[in-house]
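Quick notes on the structure that follows.
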Protein chains: 2
Amino acid sequence: MSKVSDFPYESTLEVRDTCMCLHLQRAARAVARRFDEAFRPLGLTNGQFSILMSLNRPEAPVMGDVARLLALDRTTLTANLKPLERRGLVEIRPDADDRRSRRLKLTKDGEQLLLQAHPIWRDTHADLDSQIDDPQRLRDDLLKLA
Amino acid sequence: MSKVSDFPYESTLEVRDTCMCLHLQRAARAVARRFDEAFRPLGLTNGQFSILMSLNRPEAPVMGDVARLLALDRTTLTANLKPLERRGLVEIRPDADDRRSRRLKLTKDGEQLLLQAHPIWRDTHADLDSQIDDPQRLRDDLLKLA
DNA sequence: ATAAAATAGGTTGATGTCAAAGGTTTCGGA
DNA sequence: TCCGAAACCTTTGACATCAACCTATTTTAT
């Protein structure tokens, strides 16, 4: 009688097969690797690409805007910007009106890199989309969770 | 004539609205935060929960098995096991037959923690599932991408 | 039998992720 | 006016993620 209550294997199988968090993490990791590989010639990761892309607006956004758009912690964004700033792809400067805020501005170099990255994104993304019956439906579901 | 080719804003909007990678990362981050918060009283993250759960099998798996199941890099799994081993939730020992392989065994403490974690998972997951029209369809899509 | 290839895993270095705690600036109500 | 709450951001510490490079063991082809 040495056994204390075992955790049932059936529950493990239930979690393994139905856990939305696990399914999301797996898919997110796998897709991230595909984009990371595609962008590697440019020295960009998928996350860096998303950040740079989000900065290409008529008006340079502030950090909170970008963090919300990417569903990213503000402190994570602060960290992620460091390599981009170091490479001269992004400029960070205090907002003129609200000195708490910092404007994130894509540099000319950053813009040129986006120009190179876009066709890579288009091709990789087309491959991916073709694997899914209804990509827009999937995106809608993902939006509901974010 | 100082302007070099701008990267068009329309392309940015296209990427922002359709990029499956971005949608996945956003949803994965948001859902991960929800589970992290729910598991916090147990000192577990969503990823640690997934690893522990994947070890609850009749036969203790080896690292490669688990890495493939979680769509996780082998070296990432090595790193993730360290805190779990330190807490005495997992035991790592060389396989008897193949000395390259290492068996990952859930300890009694690990099993007890799973016992506590499961109802938290069930409740959090039920909340999540109720936000989606057809959770199984979403899981199927995510499986195709992983 | 043995050398080459394949398999299993670890180490290092760079980056990504977030909570907790803290600073500065702005805003809104008394 | 002014003071407390809210907003914006940073730093720190812990963990997560992967590529590149490495060792050890097993398998395979000759």
Side-chain angles (χ1 to χ4, degrees), chain A residues 21-22 24-41 43-52 61-68 70-87 89 92-104, chain B residues 21-22 24-41 43-52 61-68 70-87 89 92-104:
Chain A
C21 188
L22 177 55
L24 271 170
Q25 298 292 332
R26 273 196 300 217
R29 282 192 287 254
V31 169
R33 276 196 288 264
R34 284 173 69 160
F35 277 92
D36 285 351
E37 188 179 356
F39 287 136
R40 189 160 309 138
L44 276 183
T45 66
N46 78 89
Q48 293 174 330
F49 172 77
S50 292
I51 292 179
L52 290 182
V62 298
M63 297 199 51
D65 295 337
V66 177
R68 268 184 299 276
L70 304 181
L72 199 61
D73 194 273
R74 282 194 308 275
T75 71
T76 304
L77 181 57
T78 298
N80 295 1
L81 283 170
K82 285 189 196 305
L84 300 176
E85 193 181 16
R86 208 181 310 140
R87 285 174 65 184
L89 304 174
I92 307 177
R93 54 184 56 179
D95 183 83
D97 297 331
D98 186 338
R99 275 179 302 172
R100 294 171 304 181
S101 298
R102 312 184 71 185
R103 295 267 162 206
L104 307 181
Chain B
C21 188
L22 177 56
L24 271 170
Q25 297 292 334
R26 272 196 299 217
R29 283 193 287 254
V31 169
R33 276 195 288 263
R34 283 173 70 159
F35 276 92
D36 285 351
E37 186 178 359
F39 287 135
R40 187 158 311 139
L44 277 184
T45 66
N46 77 90
Q48 293 175 331
F49 172 76
S50 292
I51 291 178
L52 291 181
V62 297
M63 297 200 52
D65 295 338
V66 178
R68 269 184 297 275
L70 305 181
L72 199 59
D73 194 273
R74 288 190 309 276
T75 70
T76 304
L77 181 57
T78 298
N80 293 1
L81 284 170
K82 285 191 196 304
L84 299 176
E85 195 181 15
R86 207 161 40 225
R87 285 174 65 183
L89 305 174
I92 307 178
R93 53 185 57 180
D95 183 84
D97 298 330
D98 186 338
R99 275 179 303 171
R100 295 171 302 181
S101 297
R102 312 184 72 187
R103 295 269 161 205
L104 306 179

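Letters A, B, ... mirror the listed sequences (proteins, then strands); counts begin at 1.
- A:Pro61 and A:Val66 make their closest contact through CG-CG2, 3.7 Å (heavy atoms, listed as atom of the first residue, atom of the second, distance).
- Considering all non-hydrogen atoms of both residues, B:Ala38 and B:Pro41 come closest at O-CD, 3.3 Å.
- Going from atom CG of B:Asp73 over to atom C1' of C:dG10 covers 12 Å, rounded to whole Å.
- For the pair A:Leu52 CG and C:dG16 C1', the computed distance is 15 Å after rounding to whole Å.
- As rounded to whole Å, 11 Å separates atom P of D:dA19 from atom CG of B:Leu72.
- Heavy atoms of B:Asp65 sit nowhere under 4.0 angstrom from any nucleic acid atom.
- Annotation: side chain of A:Leu70 is in contact with side chain of B:Arg29 (closest heavy-atom distance under 4.5 Å).
- Residue A:Asp95 is classed as having no contact, given no heavy-atom separation below 4.0 Å to the nucleic acid.
- Residue A:Arg99 places at least one side-chain N or O under 4.0 Å from the OP1 or OP2 atom of C:dT26.
- B:Asp36 has its CG atom 10 Å from the C1' atom of C:dA19, to the nearest Å.
- The phosphate of C:dT17 (OP1 or OP2) has no side-chain N or O of B:Arg33 nearer than 4.0 angstrom.
- The distance from atom CZ of A:Phe49 to atom C1' of C:dG16 is 18 Å, rounded to the nearest whole Å.
- Heavy-atom minimum distance, A:Ala28 versus B:Ala28: CB-CB, 3.8 Å.
- By the 4.5 Å heavy-atom criterion applied to side chains, A:Val62 and A:Asp98 are not counted as neighbours.
- For A:Ala30 and A:Ile92, each mapped to the nucleotide of DNA chain D holding its nearest heavy atom, the one lying further toward the 5' end belongs to A:Ile92.
- Looking at heavy atoms from C-beta onward, A:Asp65 lies out of side-chain contact with A:Leu104 at the 4.5 angstrom threshold.
- DNA chain D is contacted by A:Thr78, A:Lys82 of residues 76-86 of chain A, taking any non-hydrogen atom closer than 4.0 Å.
- Judged by distance alone, with hydrogens and angles left aside, the side-chain atoms of B:Asn46 form no donor-acceptor pair with the main-chain N or O of B:Asp36 at under 3.5 Å.
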Which side-chain N or O atoms in residues 78-87 of chain B pair as donor and acceptor under 3.5 Å with protein atoms at least two apart or in another chain?
unit_1  : atom_1 : unit_2  : atom_2 : d
B:Thr78 : OG1    : B:Arg74 : O      : 3.2
B:Arg87 : NH1    : B:Gly43 : O      : 2.7
B:Arg87 : NH2    : B:Leu42 : O      : 3.3

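- The side chain of A:Gln48 has C:dT15 as its nearest neighbour among C:dT15, D:dT26, C:dC18.
- Residues B:Asp95 and B:Asp97 share a closest heavy-atom pair of OD2-N, 2.8 Å.
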Show me the protein contacts with nucleotides 4-8 of chain D, counting only N or O atoms at under 3.5 Å.
unit_1 : atom_1 : unit_2   : atom_2 : d
D:dA7  : N3     : A:Arg100 : NH1    : 3.2

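- As a whole-Å value, the separation of B:Gln25 CD from C:dT15 P is 18 Å.
- To the nearest angstrom, C1' of D:dT17 lies 13 Å from CZ of A:Arg40.
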